[in-house]
Amino acid sequence: MARIPDQKITQDLLRDYYEARGRDLPWRENRDPYKVWVSEIMLQQTRVETVIPYFNTWIERFPKLSDLADADEESILHLWQGLGYYSRARNLLKAIQIVDEHMGGSVPRDPMKLRTLPGIGEYTANAIASIAFGEPLAAIDGNLRRVLSRLFDLPDPSSADLKSKATLLLDIERPGDWNQAVMDLGATVCTPRTPDCGECPLENQCQSAKKGTQVQRPISKPKLRTRSVIQTVVIAVNSEGEFLLRKRPTEGLLAGLWEFPGTELTGNNVETSPHEDVAKNLGIDLTGDKTELIPLNSLVDKLSHLTVTYQPLLVIGFDSISHCVTPDRGYCWAGGDAVKNLPLPVGQQKLLKLAREALDAKNIQYRPSVSMSG
DNA sequence: AAGGCGTGGCC
DNA sequence: TGGCCAAGCCT
């Protein structure tokens, strides 16, 4: 018999569930506020299984807050490489430095103070405060929204609805465990598409389960149309076997990461030769006698809001580079190990792989090598 | 205040 | 396969 969710009953059931079936995750080994913080940032819009190896590597490299405070942006972006939403990494570094320099090096337990830090919004502030410090706050994320929406059969709960229901049910004696129990439940049982209600400790209290409306709760927002662009790319390899890369702007898409130079194919340059234009700006003459041009297969990269089709041209054998390609303009030549140490978006890593395969096929050495000849 | 911001897994 | 989805934040 389904009944309206009861505070005491749901607390007991969730506590039992978390003790019996709660996941054993690296950031749950203790309540180190710094580690809780790092984990919460990494987990934003990102699955647990994806985060685990990144978290472990991160903590190994920066065991304490003070270690991270000394880091530089390029290093942390490299550690973040492949995790996505890179502003999280840059904001985390900024925020850690603020705590280190202006807050005595200790993570604040006051959620309002936490929220002043870049990258920490209402959810993350409450998560850190409740998990690390036991502050009686509900961390309202996608999981809690979905669970509450189903428990109370609310199609589209407002922020105020969620706050009142969450506050009603929150276990104020163990708020951190309660929040994490809901997250585990939402991630493994009360899932969006195919909830496993037979395994749910709250099934008897769930109004949606009673009515059979689970999969319609909560209603999903209409999705945004993704834009498509074509990106012309020049992959230049010099006589040292190094690749020419440039650093992306410090704001916006993939900020601060490195990429092969290129330009968006638009209505204006489609009639001309975009590859040639890009190369010219790099000081590379594509028409030189020794210059070899190898068109690579185009590659489609799907981002959250953007689909990019790369049209890469591999350029080798040129013999002059103009003055404009210098480090102070955000460009660099990077061979084997150097490329490994630059933060590259996944799409650029795929381009790099394509280029190396093409060079291998032509038996061209792309790593700096020790010359054995006199 | 709606849209920008990554990536990989799932069916 | 292509669209949907995942512990949000920022502007």
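Chain identifiers are assigned alphabetically (A, B, ...) following the order of the sequence lines, protein sequences preceding nucleic acid strands; residue numbering begins at 1 within each chain. Predicted, not measured: the structure shown is a model, and the values here were computed from it.
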_Gap separating the CG atom of A:Leu202 from the CZ atom of A:Arg150, nearest 0.5 angstrom_ = 12.5 Å
*Any ion pair linking A:Arg115 and A:Asp110 (charged N to carboxylate O, less than 4.0 Å)?*
no
*Can you tell me how far the CD atom of A:Glu259 sits from the CZ atom of A:Arg248, to the nearest 0.5 Å?*
4.5 Å
_Atom pair CH2/CG of A:Trp58 and A:Asp67 - distance to nearest 0.5 Å_ = 12.0 Å
*Rounded distance in Å - CG (A:Leu43) to P (C:dC9)*: 12 Å
*A:Ile140 CD1 to C:dG8 P, straight-line distance once rounded to whole Å*: 12 Å
_Among A:Lys210, A:Lys211, A:Gln207, side-chain hydrogen bond (donor to acceptor under 3.5 Å, both in side chains) partner for A:Asp153_ = A:Lys211
*What is the nucleic acid contact for A:Arg115, judged by heavy atoms within less than 4.0 Å: base, sugar-phosphate only, or nothing?*
nothing
*Starting at CG of A:Leu92 and ending at P of C:dC9, how long is that distance when rounded to a whole Å?*
13 Å
_Beyond-backbone contact of A:Cys197 with A:Gln214, side-chain heavy atoms, under 4.5 angstrom_ = yes
*Considering only NZ, NE, NH1 and NH2 on the basic side and carboxylate oxygens on the acidic side, decide whether A:Arg31 and A:Asp177 come within less than 4.0 Å.*
yes
*Between A:Lys353 and A:Glu357, is there a side-chain N and carboxylate O pair less than 4.0 Å apart?*
yes
_A:Pro118 vs A:Trp27, nearer the 5' end of DNA chain C by closest nucleotide_ = A:Trp27
*Calculate the interatomic distance between A:Lys223 atom NZ and C:dG3 atom P; express it in whole Å.*
9 Å
*Could you work out the separation of C:dC9 and B:dG8 based on their P atoms and round it to a whole Å?*
23 Å
*Pull out every residue in residues 120-138 of chain A that has a heavy atom closer than 4.0 Å to any atom of DNA chain B, ordered by number, or say none.*
none
*Please work out if A:Arg248 contacts a base, only the sugar-phosphate, or nothing of the nucleic acid, heavy-atom cut-off 4.0 Å.*
nothing
_Pairwise P distance, B:dG3 and C:dC4 [rounded to whole Å]_ = 15 Å
*May I ask you to say whether A:Asp24 pairs ionically with A:Arg28, meaning some side-chain N is under 4.0 Å from a carboxylate O?*
no
*Determine, for A:Asp277 against A:Lys280, whether the closest basic-nitrogen to carboxylate-oxygen distance falls under 4.0 angstrom.*
no
*Nucleic acid footprint by protein, nucleotides 4-11 of chain B - heavy-atom cut-off 4.0 Å, B for base, S for sugar-phosphate alone*: SBBBB---
*Could you state the CG-C1' distance from A:Leu185 to C:dA6, rounded to the nearest angstrom?*
16 Å
*Can you list, by residue number, the residues of residues 158-184 of chain A that have a non-hydrogen atom closer than 4.0 angstrom to DNA chain C?*
A:Met183
*Taking C-beta and beyond as the side chain, do A:Glu173 and A:Trp178 meet within less than 4.5 Å on heavy atoms?*
no
